[in-house]
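Just so we're on the same page: letters track the sequence lines, and every chain starts at 1. Quick note: numbers below take in every heavy atom, side chains included, and nothing from hydrogens, waters or symmetry partners.
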4 protein chains.
Amino acid sequence: MKKKNVPSLVKDERLIKTRREQIVKAAVQLFNKKGYHGTTTREVAQASGFSIGTLYEYIGSKEDILYLVCDAVYDEVMEKWEQLMDENLQGLERLHQVIYSYFKVVDDLQNEVLVMYQETKSLSNEALNYVLQKELSMKDMFEKEIRTCRERGLIEIEDREVSLACHNILVSGHMWTFRRWIIQKEYTIESYCEWQIAQLFRGFQAKDGKFLHHSGVTPAINKDGGGNGWN
Amino acid sequence: MKKKNVPSLVKDERLIKTRREQIVKAAVQLFNKKGYHGTTTREVAQASGFSIGTLYEYIGSKEDILYLVCDAVYDEVMEKWEQLMDENLQGLERLHQVIYSYFKVVDDLQNEVLVMYQETKSLSNEALNYVLQKELSMKDMFEKEIRTCRERGLIEIEDREVSLACHNILVSGHMWTFRRWIIQKEYTIESYCEWQIAQLFRGFQAKDGKFLHHSGVTPAINKDGGGNGWN
Amino acid sequence: MKKKNVPSLVKDERLIKTRREQIVKAAVQLFNKKGYHGTTTREVAQASGFSIGTLYEYIGSKEDILYLVCDAVYDEVMEKWEQLMDENLQGLERLHQVIYSYFKVVDDLQNEVLVMYQETKSLSNEALNYVLQKELSMKDMFEKEIRTCRERGLIEIEDREVSLACHNILVSGHMWTFRRWIIQKEYTIESYCEWQIAQLFRGFQAKDGKFLHHSGVTPAINKDGGGNGWN
Amino acid sequence: MKKKNVPSLVKDERLIKTRREQIVKAAVQLFNKKGYHGTTTREVAQASGFSIGTLYEYIGSKEDILYLVCDAVYDEVMEKWEQLMDENLQGLERLHQVIYSYFKVVDDLQNEVLVMYQETKSLSNEALNYVLQKELSMKDMFEKEIRTCRERGLIEIEDREVSLACHNILVSGHMWTFRRWIIQKEYTIESYCEWQIAQLFRGFQAKDGKFLHHSGVTPAINKDGGGNGWN
DNA sequence: AATGAATGAGGCTTCATTCAT
DNA sequence: GATGAATGAAGCCTCATTCAT
């Protein structure tokens, strides 16, 4: 599934990059507030800081804006995610960190993720497939981690359960955005991470108790001591 | 949060009900295929079997159609759900059934649920709040069940975890529709129910092993394996 | 080559006919003055006496307007032409009348013919082919007449010359419109008919002198006696 | 009617000439394929081998391009025509050659002539008048030839017929391009010249039979049939 | 002289909604 | 109550032209 080609009348690749970043940034704001369909190309142009004519020098159609957003969001998620990863961790600690970091990135890029999440369906087939492919590649990352833990006996789930577990992790991240109208009233991002990861880990039958429950009992994801230090 | 008033120029309440059912049925099909924004009122009228003029005798605006759909879907979900419930069950068996039935209803009303799920955000404030309220009332149903089990010591989760657990159940149901592009390739509805409920129950630290794994398989964690017969 | 289908959202065929006549009439005026490309759909709608929305209830695209014009012009030409024909004439008198009537109709429908003539090339392939087909069918009408005269020995041109002769007749008619900027300063429609037909007939080597020169000498296209009676 | 001034920001007249030749050449190709209105200035610039900015260094507006094309085409037609003329010929032979050469030039510059012919109407008043003036000057050339023959008794048409005869010659040339969709299927340029000139000459009542029919054929009307060798 | 990014007026078309029949 | 023709605001996109580099 190759990246879709978004046509541009401008030759300077550097400029294309800059302008498209402006476009994506503006579009995320607007799509968040008014949705993709509720946002006009003129608004995107204006919010991007240039004219409608200029906007169309960098895209071929309105849908391209949505595609650029989705594409950029995935890349940004991946990039920030990698920054948060500590490659020295292993085992369940690593699994924990993978998930925790993912949640944190989602929280950081809430608006972006939400847009991508809610508007993806408005993409045409070609672009949609590409975006779904990216989604799957994220799932694969989790799957690799899960399988590693599973092979080492650190978690205990059936083989056929693995894929589902990965979906659950991903969706748990998305939930933080698409149910934010209620869930962010009930939890902070930190408490959400703790409880959600606890439920996930118990669901995986993780063999190390420190991730299975709330810090208040045996502090796992906890500010003070406890011997774990992710936050 | 009161039901939003959808204006109609027609007096006969019976007729209004019939026509609106037609509208909702047609709209679900269309919204599924083309999305709310991609569907025109003309199309809805035609698919409903009457003219555009008549359509507007039973609604006040296009948004009302979406509202009617969302409203109807919740009601239909509740109705079908109740039909599946066996009031004689208790404890974890009841909890299991509540979730399982919910998943089955979602599967049955896939298109409806998906539309409601994806297009809800296009509702205006008043209607949106009403719909979100309904969503919360569903969560409350789960919460009641969860708390009952918890009080009886059948599951062991922190008080502050309860709400999250309910969200997870709800979202697990929605997942079956909004990730169906991938998840329904990997699982049948029955296998999905089994594995998903197993992960949830383990996440709740349910005290009865028989729900924690796939019934047909040699229990990895489960000791007894007593026959349960939901599937 | 079938008539191209022009989509309409309106069901009443009678109304479609009326409205399209309005559209064609308005479009001819506008296209004459400003050309097809220089005319906006809004202008056509306004000149037709209804809104832009209504215009699009009767056509699918701007090009359809041009197509409707071309189609209607041919029909109108044929209709008026037939009205002018006296079926009792024979031989060269008939040939003369066919051409003369054709010129008169072209003069009568000058604007229409000119538009069709100048803007045809803007039609897309399907419509263009249809229109060219109609043009050919007009040529065929002349060809039939020419061949009849030729077989009877009334004119004397080579077989391979016949087709060219027909093109010349047709183009002589068109000329009256597309060179009107100069030719209508030099000739009245009547004098044009006389001289042009005279040159054509001599070109055909017609065997009857009375059509070969100007009426001022031996009145040819003349109301009264003189022995010829076409008008 | 003076040549319209086409503004240029460039001083070097030599360069202006070169660049404009490039522009005209590119524009003819494009206008032929897509029409004047269907061609963008960007396309003209690109096909000319330079940037849009540079294009506007040599013209003032898009219309100037069309004007340059029309102007150049006339000049090119005249130039090539003169090259084909044999100043030693006289009488009907000269008239024949004038027409024949004209037809051949039109055939040679088909695309150019067609563009000029079809798009002229898109010129604004000033430029249009200039172009029409050029058209008239071509007509005058024919008129001079016709009158010479007429005075010498070589052809026999009324005084008032002369102008029409010239129009017919001119239009016969244009026909070869604007009806090429059908006429070039039926005739080669050579056969077209022969038959068309034969019909014209008979129309003029030319006194020399050798031009009145196809040379290769047994004269139907012609008595002597002496070999003429233009083709 | 050459470049090409920026501009924005304006074109075509759609579609939710109204209202006379 | 039902119909469907009429409306026009508003959206997407193009492209001739300018101007800073």
Engineer: What stem regions, each of at least 3 consecutive Watson-Crick or G-U pairs below 3.5 Å, can be found for DNA chain F?
Structural biologist: E:2-21 with F:2-21
Engineer: Rounded to whole angstroms, how far apart are CD1 on C/Ile65 and C1' on E/dC12?
Structural biologist: 10 Å
Engineer: Without decimals, in angstroms, what is the distance between A/Leu9 CG and F/dT14 C1'?
Structural biologist: 10 Å
Engineer: Can you tell me which nucleotide in F/dT7, F/dA5, E/dA6 comes closest to the side chain of C/Leu15?
Structural biologist: F/dA5
Engineer: Go through the structure and list residues passing ring-ring contact (aromatic ring centres under 6.0 Å, His included) with B/Tyr74, not counting sequence neighbours.
Structural biologist: none
Engineer: Considering residues at least two apart in sequence or located in another chain, which fulfil the side-chain contact (heavy atoms from CB on, under 4.5 Å) criterion with D/Ala26?
Structural biologist: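 For D/Ala26 the side-chain contact (heavy atoms from CB on, under 4.5 Å) partners, ignoring immediate neighbours, are D/Ala47, D/Ser48.
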Engineer: For A/Lys34 and F/dA10, give me the distance from atom NZ to atom C1', rounded to whole Å.
Structural biologist: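 Spelled out: NZ on A/Lys34 to C1' on F/dA10 is 13 Å.
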Engineer: Where along residues 16-32 of chain D does a heavy atom come under 4.0 Å from DNA chain E, residue by residue in number order?
Structural biologist: D/Arg19
Engineer: Could you check C/Val10 against A/Ile52 and say which one's nearest nucleotide on DNA chain F is further toward the 5' end?
Structural biologist: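 Checking each residue's closest nucleotide, the 5'-ward one belongs to C/Val10.
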Engineer: Would A/Ser124 and A/Glu63 count as a side-chain hydrogen bond (donor to acceptor under 3.5 Å, both in side chains) if you check the C-alpha gap in whole Å, the side-chain angles of each, and the deciding distance to 0.1 Å?
Structural biologist: CA-CA 8 Å; A/Ser124 67; A/Glu63 199 204 299; 3.0 Å; yes
Engineer: May I have all residue pairs that pass salt bridge (charged side-chain N to carboxylate O under 4.0 Å, His left out) and include part of residues 9-19 of chain A, sequence neighbours excluded?
Structural biologist: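 Checked against salt bridge (charged side-chain N to carboxylate O under 4.0 Å, His left out) - neighbours excluded - the pairs reaching residues 9-19 of chain A are A/Lys17-A/Glu21.
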Engineer: For nucleotides 19-21 of chain E, give me every protein contact, N/O to N/O, under 3.5 Å, one pair per line with atom names.
Structural biologist:
none

Engineer: Please identify each residue that fulfils side-chain contact (heavy atoms from CB on, under 4.5 Å) with C/Gln29, with sequence neighbours left out.
Structural biologist: none
Engineer: From CD of A/Glu13 over to P of E/dA5, roughly how many Å is that when rounded to an integer?
Structural biologist: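 Distance check: A/Glu13 CD to E/dA5 P gives 10 Å.
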Engineer: Figure out the NZ/P separation between C/Lys62 and F/dC12, and round it to whole Å.
Structural biologist: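 Distance check: C/Lys62 NZ to F/dC12 P gives 22 Å.
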Engineer: Got a sec, which residues hit salt bridge (Lys or Arg N to Asp or Glu O under 4.0 Å) with B/Lys25, two or more places apart in sequence or on another chain?
Structural biologist: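 Listed in chain order: nothing, the list is empty.
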Engineer: Can you list the residues that meet the ring-ring contact (aromatic ring centres under 6.0 Å, His included) rule with A/Tyr117, with sequence neighbours excluded?
Structural biologist: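 Residues passing ring-ring contact (aromatic ring centres under 6.0 Å, His included) with A/Tyr117: A/His174, A/Phe178, B/Phe178.
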Engineer: For D/Asn111, is there any backbone N or O sitting under 3.5 Å from a side-chain donor or acceptor partner on D/Asn32?
Structural biologist: yes
Engineer: When the nearest nucleotide of DNA chain F is assigned to A/Ile59 and to B/Gly49 on a heavy-atom basis, which residue is associated with the more 5' position?
Structural biologist: B/Gly49
Engineer: Any idea which of E/dT13, E/dG4, F/dA5 is nearest the C/Ser61 side chain?
Structural biologist: E/dT13
Engineer: Quick check: does any side chain N or O of B/Ser8 sit under 3.5 Å from a backbone N or O of B/Glu57, one acting as donor and the other as acceptor?
Structural biologist: yes
Engineer: Rounded off to whole Å, could you give me the CZ-to-C1' distance for the A/Arg14 and E/dG4 pair?
Structural biologist: 17 Å
Engineer: Under 4.0 Å between a side-chain N or O of A/Tyr58 and OP1 or OP2 of E/dA6?
Structural biologist: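 Yes, A/Tyr58 has a side-chain N/O under 4.0 Å of OP1/OP2 on E/dA6.
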Engineer: Would you compute the distance between atom CG of D/Asp64 and atom CG of D/Leu68 and round it to the nearest 0.5 angstrom?
Structural biologist: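 Spacing of CG (D/Asp64) from CG (D/Leu68) equals 6.5 Å.
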Engineer: From CD of D/Glu63 over to C1' of F/dT17, roughly how many Å is that when rounded to an integer?
Structural biologist: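 About 15 Å, once rounded to whole Å.
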Engineer: Would you check if the side chain of D/Thr39 reaches a backbone N or O of D/Gly35 as a donor-acceptor pair within less than 3.5 Å?
Structural biologist: yes
Engineer: In chain order, what residues pass the ring-ring contact (aromatic ring centres under 6.0 Å, His included) check against A/Tyr58, with sequence neighbours excluded?
Structural biologist: none
Engineer: When you measure from every atom of DNA chain E, which of residues 35-46 of chain C have a heavy atom less than 4.0 Å away?
Structural biologist: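 Those residues whose heavy atoms fall under 4.0 Å from DNA chain E, taken from residues 35-46 of chain C in numerical order, are C/Thr39, C/Thr40, C/Thr41, C/Arg42.
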Engineer: Keeping to residues at least two apart or across chains, list the salt bridge (charged side-chain N to carboxylate O under 4.0 Å, His left out) pairs with something in residues 32-56 of chain A.
Structural biologist: A/Lys34-A/Glu43
Engineer: Specify whether C/Phe31 and C/Tyr36 have parallel, tilted or perpendicular ring planes, treating 30° as the upper limit for parallel and 60° as the lower limit for perpendicular.
Structural biologist: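 C/Phe31 vs C/Tyr36 ring planes: perpendicular.
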Engineer: Can you check whether C/Thr54 has a side-chain N or O nearer than 4.0 Å to OP1 or OP2 of F/dT7?
Structural biologist: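 Yes, C/Thr54 has a side-chain N/O under 4.0 Å of OP1/OP2 on F/dT7.
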Engineer: Can you work out whether A/Phe50 or D/Ser51 has the more 5'-proximal nearest nucleotide on DNA chain E?
Structural biologist: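 Its nearest nucleotide being more 5', the pick is D/Ser51.
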Engineer: Does the distance from a Lys or Arg side-chain N to an Asp or Glu carboxylate O, for C/Asp71 and C/Lys4, drop under 4.0 Å?
Structural biologist: no
Engineer: Return the value, rounded to whole Å, for the distance between atom NZ of D/Lys11 and atom P of E/dA1.
Structural biologist: 8 Å
